[in-house]
Amino acid sequence: MPTYFDLVYAVTRQVPPGRVTTYGAIADFLALGAARMVGWALNHSFSEKTGVPAHRVVNRKGELSGRNHFPTPTLMQEMLEAEGVRVEDNRVIDLDKHFWHPVEDLGEDWEPFDVENGIA
DNA sequence: TATTTGACCTTTA
DNA sequence: GTAAAGGCCAAAT
């Protein structure tokens, strides 16, 4: 029984490399209205083998709030920099430039029909 | 079974 | 303009 939990995984996995999104964007895209849960879902994404690039998810301010939950606090920044995203002081530079809207790429009608399968 | 916490965002003072 | 409080859903204790 897929919950919104799985939806977050699905959307996050659709995030293109070198791009970053925010919890609010995902929450708004999924019409959850609860940005808090988005991060919470990603929290478990590490324990699970979801393969969700949580490092591409940052808060509205572009801060790597989740770095604390990574294997190493600097790992998140390293991963972003490796993808071409300039990160400084635990914050994404040019967030607006690297910002990625799910609705723009996936479409408003996009839905995780095969969440458990890993999306189309 | 009920209460608290959780990687946040938005609105009001 | 900055600062503080409220609110959403779900999982863990």
Side-chain angles (χ1 to χ4, degrees):
Chain A
M1 169 184 178
T3 63
Y4 106 55
F5 215 90
D6 300 292
L7 305 186
V8 176
Y9 294 159
V11 176
T12 308
R13 273 186 287 189
Q14 304 313 300
V15 179
R19 293 281 172 147
V20 291
T21 186
T22 65
Y23 301 97
I26 297 174
D28 183 62
F29 174 68
L30 298 177
L32 300 175
R36 303 179 53 157
M37 303 234 28
V38 178
W40 219 91
L42 291 173
N43 182 348
H44 268 229
S45 71
F46 283 105
S47 298
E48 302 298 329
K49 59 252 180 189
T50 51
V52 177
H55 61 277
R56 293 177 192 160
V57 184
V58 296
N59 62 9
R60 190 173 77 78
K61 299 185 293 287
E63 297 177 355
L64 307 185
S65 45
R67 69 189 150 96
N68 192 13
H69 288 265
F70 276 77
T72 56
T74 55
L75 179 62
M76 187 173 182
Q77 181 174 340
E78 292 296 328
M79 292 173 76
L80 288 173
E81 289 178 344
E83 292 182 353
V85 179
R86 184 164 48 162
V87 180
E88 192 169 314
D89 190 40
N90 295 323
R91 282 182 294 204
V92 177
I93 307 301
D94 296 331
L95 177 62
D96 183 43
K97 181 180 179 181
H98 292 290
F99 193 81
W100 177 78
H101 289 277
V103 63
E104 288 182 358
D105 195 89
L106 301 177
E108 297 177 358
D109 295 330
W110 184 88
E111 288 184 17
F113 41 88
D114 279 328
V115 176
E116 295 180 357
N117 259 335
I119 316 300

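Only this structure's heavy atoms are used, side chains among them; waters, hydrogens and symmetry mates stay out. Each chain gets a letter, A, B and so on, in the order its sequence line appears, and its residues count up from 1.
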Closest contact, heavy atoms only, A:Arg56 versus A:Leu80: CA-CD2, 4.1 Å

Close approaches to DNA chain B from residues 58-65 of chain A, in residue order (heavy atom, under 4.0 Å): A:Asn59, A:Arg60, A:Ser65

Parallel, tilted or perpendicular, as decided by the 30° and 60° cut-offs, for the rings of A:His44 and A:Trp40: parallel

Linked, directly or transitively: A:Trp100 and A:Ile93 (ILVMFWY side chains, under 4.5 Å): no

Which atom of A:Phe99 lies closest to which atom of A:Ala25, heavy atoms considered: CZ-CB, 3.9 Å

Sugar-phosphate, base or nothing in reach of A:Ala54, heavy atoms under 4.0 Å: base

Neighbours of DNA chain B within residues 71-93 of chain A, by heavy-atom distance under 4.0 Å: none

Check: A:Val58 and A:Ser65 side chains under 4.5 Å, non-hydrogen atoms: no

For A:Phe29 against A:Pro102, the heavy-atom pair lying closest together: CG-CB, 3.7 Å

Spacing of the C1' atoms in B:dA7 and C:dA3 (rounded, Å): 23 Å

Contact summary for A:Leu64 and A:Arg91, nearest pair of heavy atoms: CG-N, 4.4 Å

Other residues, nucleotides, ligands: >12 heavy atoms within 6.0 Å of A:Asp96 CG: no

Modelled atom types, side-chain donor and acceptor of A:His55 and A:Glu83, under 3.5 Å: yes

Dot-bracket encoding per residue of DNA chain B, Watson-Crick/G-U cut-off under 3.5 Å, | denoting interstrand: .|||||.||||||

Side chains of A:Gln14 and A:Trp110 in contact at under 4.5 Å (non-hydrogen atoms): yes

Opening and closing nucleotides of DNA chain B in contact with chain A, under 4.0 Å to non-hydrogen atoms: B:dG6 to B:dT10

Nearest non-hydrogen partners of A:Ala54 and A:Ser45, listed with the distance: CB-OG, 4.2 Å

Contact state string [nucleotides 3-13 of chain C, B base, S sugar-phosphate only, - no protein heavy atom under 4.0 Å]: ----BBBSSS-

A:Arg67 side chain near A:Asn90 side chain, heavy-atom distance below 4.5 Å: yes

Considering all heavy atoms, the nearest A:Val57-A:Met76 contact: O-CE, 3.4 Å

Residues forming a side chain to side chain donor-acceptor pair (under 3.5 Å) with A:Arg60, sequence neighbours excluded: none

Side chain proximity check, A:Thr21 to A:His101, heavy atoms < 4.5 angstrom: no

